[in-house]
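Taking it in order: structure first as structure tokens, then the write-up.
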Amino acid sequence: MMKRWAILTVSLAMAAALIATSCSRDKAPAGFAGGAGMPGGNGRRAAATAVQASLARFGQLSADRDTAGVIAPVLQSQVAAGASGIVAKVLRQAGDWVATGDLVVQIDDATLKITEANAEASLESAKISLRSVQDSTSQSNVKLQLQVDSAQSAYDSAKRYYDSQKALFDLGGISASALDTAKGQLASAQAALEGAKIALDQNEKGLATTASQNVESLRVAVSTAENNLKQAKYNLQNAAIKAPFAGQIASVAATPGMYLGQNTSAFTIVSGERQVSFTIAPSDALAVSPGKALSFELGGKSYPIRVKQAPSLPVNGVVSLIASIAGASDLPFGTVGNVSYVVPLAKGALVPISALDTLDNRNYVFTVEAGKVVTKDVVVLASSGATVAITGIGEGTVVILSPPPGLIDGAAVAPTMVADATAPPAGKAAEKGQAPRQGGRQGQGGKQGQGGPASQASGNP
């Protein structure tokens with residue numbers, strides 16, 4: 001009986017030990033395989049989670065931009081007729097190269113030559129009339145001057161007589177009526193003198209009572225005739241429509257026999273020098289300033305170009321620009337290529353966009369410190385392709401790329417470093433279009449959030 005109780009006691013003790021061991025394993029914290037370091041554990045820690053990581057680097061985040069560029073002439077002009085008439089000759093055709101001043105279209109100038117001859121005759125007639133009146137005026141001046149001299153003598157004599165009569169009147173030697181007579185004679189002499197002077201003055205100025213004898217009117221007539229002759233010569237000169245600068249005739253609108261009105265386009269000419277015309281988004285205007293060096297790619301060949309003008313006001317939502325291009329004289333006008341330029345977005349800590357997580361409009365990254373996970377809240381400044389610029393972490397911070405689900409603060413990790421994950425491909429800032437992941441992960445609060453988009457400053461068109 002005693003043996004049975006001993007055997008039962010031993011069995012119960014062994015069962016209790018097994019239960020205790022099982023319970024200690026169930027209570028071991030996450031991350032441990034057998035509760036290492038915990039009472040009842042087997043002394044082995046769980047292996048650290050393997051993750052990929054990258055070093056954050058501080059720098060400028062930029063984005064490549066591409067826009068269509070068109071080969072265009074530096075100068076282009078629709079040359080209009082300066083005079084109207086029938087087209088007599090068309091000496092050049094579209095595609096012809098011309099020098100400055102080369103004749104392209106000739107208007108029949110027979111009528112214009114007649115007009116010029118009539119204008120010359122009218123001018124000569126006006127000059128003759130002016131000279132005739134000027135000669136007559138010169139001869140009249142002599143006679144009028146004699147009249148002035150005679151009137152002056154008569155006035156002086158009348159003045160002396162009046163003075164002597166006035167003296168006698170004051171002494172009582174003559175009557176008042178005698179004095180009035182002397183006074184009247186003086187007034188008449190003075191009026192005659194003034195009239196003679198006025199006549200002389202008007203004659204010297206060429207002011208006659210009729211326009212045909214008025215020197216000033218005849219001078220105006222001469223000036224008008226001179227202007228008419230200048231206009232006739234100008235019209236005759238404009239009958240020959242010439243190239244205003246050296247270049248290529250793009251099109252000819254005139255044909256022999258057609259009537260060409262004044263200011264009507266006769267032909268279009270373009271210069272041989274090329275340039276690139278393109279448009280950009282208004283937000284990129286500050287990055288494409290005058291003198292900025294860009295690249296123009298066409299047919300597998302790259303041409304350096306340089307911006308020639310300051311950005312103007314947007315038209316239809318875009319800003320038009322032109323750039324000079326060297327070594328492209330053989331490119332056909334209207335050829336479309338690709339203009340590439342770089343737009344700086346923001347300066348900050350640059351990390352791969354795969355390191356960025358979002359939870360309830362909160363942006364954060366998982367970093368590694370002393371082999372453990374540390375969550376860092378960050379502010380997104382801008383993103384471009386696979387790279388994002390942020391604040392909230394420093395230069396050289398180790399960030400986890402594409403963190404695995406369930407990663408929490410304090411978890412042990414074994415990072416495999418990805419060298420310079422934020423570096424763009426050679427010759428490119430970054431490919432466009434990719435955005436941060438949405439939704440967040442099982443975070444420190446233990447809540448799986450719906451999340452919102454990470455804030456971005458990227459303005460890819």
Side-chain angles (χ1 to χ4, degrees), residues 57-78 97 100 243-248 250 268-348 350 381-389 422-433 456-461:
R57 61 183 179 88
F58 186 86
Q60 174 75 59
L61 180 63
S62 300
D64 282 347
R65 296 285 192 264
D66 295 305
T67 185
V70 181
I71 296 295
V74 172
L75 294 176
Q76 178 173 335
S77 177
Q78 288 188 345
W97 290 91
T100 302
F245 53 83
Q248 186 180 38
T268 301
I269 183 174
V270 297
S271 64
E273 186 181 1
R274 269 77 164 164
Q275 64 185 10
V276 177
S277 174
F278 62 101
T279 61
I280 61 173
S283 58
D284 294 347
L286 292 178
V288 190
S289 56
K292 184 78 172 181
L294 309 179
S295 175
F296 178 72
E297 296 178 1
L298 178 65
K301 187 176 180 180
S302 181
Y303 300 86
I305 62 176
R306 191 170 298 275
V307 179
K308 296 174 60 175
Q309 68 180 85
S312 59
L313 289 176
V315 177
N316 297 325
V318 295
V319 175
S320 297
L321 291 172
I322 56 174
S324 60
I325 181 171
S329 59
D330 57 335
L331 295 180
F333 293 123
T335 305
V336 179
N338 185 69
V339 176
S340 300
Y341 59 98
V342 177
V343 177
L345 300 180
K347 285 185 177 181
L350 305 182
L381 302 176
S383 67
S384 177
T387 305
V388 60
T422 61
K428 293 286 184 180
E431 297 302 325
K432 299 186 283 292
Q456 296 186 52
S458 178
N460 294 333

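- With a 4.5 Å cut-off on side-chain heavy atoms, T335 and V70 do not count as touching.
- Using a 4.5 Å cut-off on side-chain heavy atoms (C-beta onward), L294 and F278 make contact.
- When all heavy atoms of N338 and D66 are compared, the closest pair comes out as ND2-OD1, 3.1 Å.
- Between the R65 side chain and the V343 main chain, no donor and acceptor come within less than 3.5 Å of each other.
- With rounding to the nearest 0.5 Å, the separation of CZ in R57 from OG1 in T387 is 7.0 Å.
- Taking OG of S271 as the start and CZ of F333 as the end, the distance is 6.0 Å to the nearest 0.5 Å.
- The minimum heavy-atom distance between A382 and A346, with the atom names listed, is CB-CB, 4.0 Å.
- Summarising the geometry of L350 relative to Q60, their closest heavy-atom pair is CD1-O, 4.1 Å, with the distance given to 0.1 Å.
- In plain terms, the two heavy atoms of L345 and S383 that are nearest each other are CD1-O, 3.7 Å.
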Donor-acceptor list for residues 309-327 side chains, cut-off 3.5 Å, not counting sequence neighbours:
{"unit_1": "Q309", "atom_1": "OE1", "unit_2": "I322", "atom_2": "N", "d": "3.3"}
{"unit_1": "Q309", "atom_1": "NE2", "unit_2": "S320", "atom_2": "O", "d": "3.4"}
{"unit_1": "S324", "atom_1": "OG", "unit_2": "R306", "atom_2": "O", "d": "3.4"}

Apply the test side chain to side chain donor-acceptor pair (under 3.5 Å) to residues S295 and S302: give CA-CA distance (whole Å), side-chain angles for both, the deciding distance (0.1 Å), then the verdict. CA-CA 7 Å; S295 175; S302 181; 2.9 Å; yes

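- Here the closest non-hydrogen pair linking S77 and F245 is CB-CE2, 3.9 Å.
- T268 places a side-chain heavy atom less than 4.5 Å from the side chain of Q76.
- With a 4.5 Å cut-off on side-chain heavy atoms, I280 and Y341 count as touching.
- When every heavy atom of G348 is checked against every heavy atom of L381, the shortest pair comes out as CA-CD1, 4.2 Å.
- To the nearest 0.5 Å, the span separating CG on D284 from OG1 on T67 amounts to 9.5 Å.
- No more than 12 heavy atoms of other residues, nucleotides or ligands lie within 6.0 Å of NZ in K292, so this atom counts as exposed by the packing criterion.
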